[in-house]
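Structure, as structure tokens:
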2 protein chains.
Amino acid sequence: MPATMQDIARDLKVSVVTVSKVLRNQGRISDDTRKRVLRRAKELNYQMNWVARSLVTRRTYTIGLLLPEFAHPFFAEIARAVAQTIRPHGYHVVISSFEEDPELEASEIDSLLARQVDGLIIASSQAPSHLNVFKRVQERKTPYVLIDRPIAGLRASFVGVDNHAIGRLATEHLIAKGCCRIAHLRGPEVRIAAERMEGYRRALAKGGFRPESDYIVSGGHGDSSGYEGMRQLLAVRPLPDGVFCYNDPVAIGAMKAIREAGLKLPQDIAVVGAGNVRYSDVLSVPLTTIDQGTCRIGVLAAELLIARIGSKCPIRPQQILIPPKLVERESTRRLA
Amino acid sequence: MPATMQDIARDLKVSVVTVSKVLRNQGRISDDTRKRVLRRAKELNYQMNWVARSLVTRRTYTIGLLLPEFAHPFFAEIARAVAQTIRPHGYHVVISSFEEDPELEASEIDSLLARQVDGLIIASSQAPSHLNVFKRVQERKTPYVLIDRPIAGLRASFVGVDNHAIGRLATEHLIAKGCCRIAHLRGPEVRIAAERMEGYRRALAKGGFRPESDYIVSGGHGDSSGYEGMRQLLAVRPLPDGVFCYNDPVAIGAMKAIREAGLKLPQDIAVVGAGNVRYSDVLSVPLTTIDQGTCRIGVLAAELLIARIGSKCPIRPQQILIPPKLVERESTRRLA
DNA sequence: CCCTTTTGAATAATCGTTAACCCTGAAACA
DNA sequence: TGTTTCAGGGTTAACGATTATTCAAAAGGG
């Protein structure tokens, strides 16, 4: 039903190629013809059929964005940044979330490849032992950039935050604030969480503290696991006077538990989160957190990908680690 | 580089069509041929080229999702629901946000049409006087569903919440809780905000209260405008003892202002939000709010759209209003 | 006036699949 | 024996663009 180049060409008694050239501003076309084509195109309300163009140019101007879940503010923010960064280049983003399910992730990657996306941005949940999907991506020579979660043993571009530094910054801050029994609500069994904990450990050691295993509680990445983790910590004696939480939601859950226990925040227990998620400054006790430059992750990943798509010869993988920044708020504002 | 049906056909000395038929489970093919094709396809790691298929079938199995901004939890949630609902049907979603800019919205819609999406889901920011974009969509006969924000004068399918009921529910709840000076922090100058306010007004009138114009403050939809709006309200005498806020972020901002003023929540001022956004139950004073069935909006819109795409003959537009539900939490839990 | 350039546009050949028809040989039926 | 029927496939022509090549006419040059 919508007009095609053929319609324009027929009406004007020129060839389709001529129309195509005018519309792309390419090739030698007389001013007269150009104007007639343009006019007729406007009259017919012509819109390029991108599917047809993609078939021959092998470019869809579409990139796939694969996220564990995009209701999570962190990933939502990244999605926004990616979309805004690529739009000026004429790209669109096909988004998909796989709910932390590696198999679903793999099948979605294949699906996006079949749709001929020009590139992929992935916050992957694949175990380092299951990298077949990525082999398939590489065979196709579809550029891709990993974000947030690096994968050991995969030579791929990556944009993320320095998780080790997050743990270090948070812990050093708590030490500077005079805490001497610093606990850690760590995240799930993935690399990022391990790195943050390692940063915490190093900072503790450097500060002259001995790490108590009672002070480290494992959990997930939601506020409920933060809440439960904190309840567990509240049973430990002596009570910790500072907690570094895996991320902001966990910290928010932890703060709830602390309040419910009748303890004062930050006087009795100081809390540091990570992520600088929206609303973390609007809580009853605004949360001190480590900003991971969420927005920049999206922007940089997108720019990196676009650059790779643009260049013919494959550039060598590039790793970008964004240095985190401490954002001090009330949850650690105690007499130092 | 990736294998095509031709590669398989050549290797097996059959025609491309035969391969195509096998891969689609269509037509009469002997069991032997079928198996050989399937085997070779697997060997070559064959993946359908959806662009090519789309060109001839005129189906991309892609829908466009247009949102004002998807870092907002409300829209992020909808996006998730939409994506999950359409995935089982083989659809993918191309997402785009237009930052509340009607012109950008229009150009994105055109852009998505050019990409031959099978359908559109839009939370539009178009003024009722600028509906040319939608005329273009209708001309193409691309099915679309409006969400969240209805547009007067547009015969289109719509899924949203009953905003009038939201205002009513919230206000009646405050009245039931014994508030007698109920203020309203209203949203921006759009229809939804007006409807919520109308619900508030009606409920007030029905409860026998006279609406004071001082008690209604206009604002935006972010927490900062809630904060400032509330500061304005705090200067009014007599002080309100209950506030119905346009949405949860506004309510969160308002609660911050109330706390800063040294007032007790909910004893001095009770607060009701709307949206039941994540984290609204994890605040220092968990927020009483009106649940708009965010997830259901996404699911229903997606199902409606898929149904429209599936049916040849255009079904008549369908409007779905989801009844909101009160979620009572601490921010209004006072002696009734 | 003939030859070379330049200009402007047409032709032909894809791109990877699918839709609509057509063909062939063997079994079934009369 | 002649006619159907049907299984199992092949042929041809799109789909709506782009790229590469070719070509005719006008323009320039000696």
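Lettering of chains follows the sequences in order, A, B, ..., and the numbering in each one begins at 1. Because the structure is a prediction, the values reported are computed rather than measured.
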The single option from A/R40, A/Q6, A/R36 passing side-chain hydrogen bond (donor to acceptor under 3.5 Å, both in side chains) against A/D11: A/R40
B/E105 bridged to B/R149 by N-O distance under 4.0 Å: no
Check ion pair A/K135-A/E139 (N to O, under 4.0 angstrom): no
Sugar-phosphate, base or nothing in reach of A/S15, heavy atoms under 4.0 Å: base
Check: B/T18 and B/S15 side chains under 4.5 Å, non-hydrogen atoms: yes
Side-chain H-bond candidate by donor/acceptor type, B/S96 with B/E108, under 3.5 Å: yes
Any A/S54 side-chain nitrogen or oxygen under 4.0 Å from OP1 or OP2 of C/dC15: no
Plane angle bin for A/Y91 and A/Y61 - parallel if under 30°, tilted between 30 and 60°, otherwise perpendicular: tilted
Residue pair A/N25 / A/R34, side-chain donor-acceptor N/O under 3.5 Å: yes
Along DNA chain D, first and last positions that approach a heavy atom of chain A under 4.0 Å: D/dG16 to D/dA20
Sole candidate of B/L146, B/I109, B/V94, B/I121 that passes side chain to side chain contact (heavy atoms under 4.5 Å, CB included) when paired with B/L66: B/I109
Restricting to nitrogen or oxygen on both sides, can you table the protein-nucleotides 16-19 of chain C pairs closer than 3.5 Å?
from, atom 1, to, atom 2, distance (Å)
C/dG16, OP1, A/R58, NH2, 2.4
C/dG16, N2, B/A52, O, 3.4
C/dT17, OP1, B/Y46, OH, 2.4
C/dT17, OP1, B/N49, N, 3.2
C/dT17, OP2, B/M5, N, 2.8
C/dT17, O5', B/Y46, OH, 3.4
C/dT18, OP1, B/R53, NE, 2.9
C/dT18, OP1, B/R53, NH2, 2.7
C/dT18, OP2, B/S20, OG, 2.3
C/dA19, OP2, B/R24, NH1, 2.7

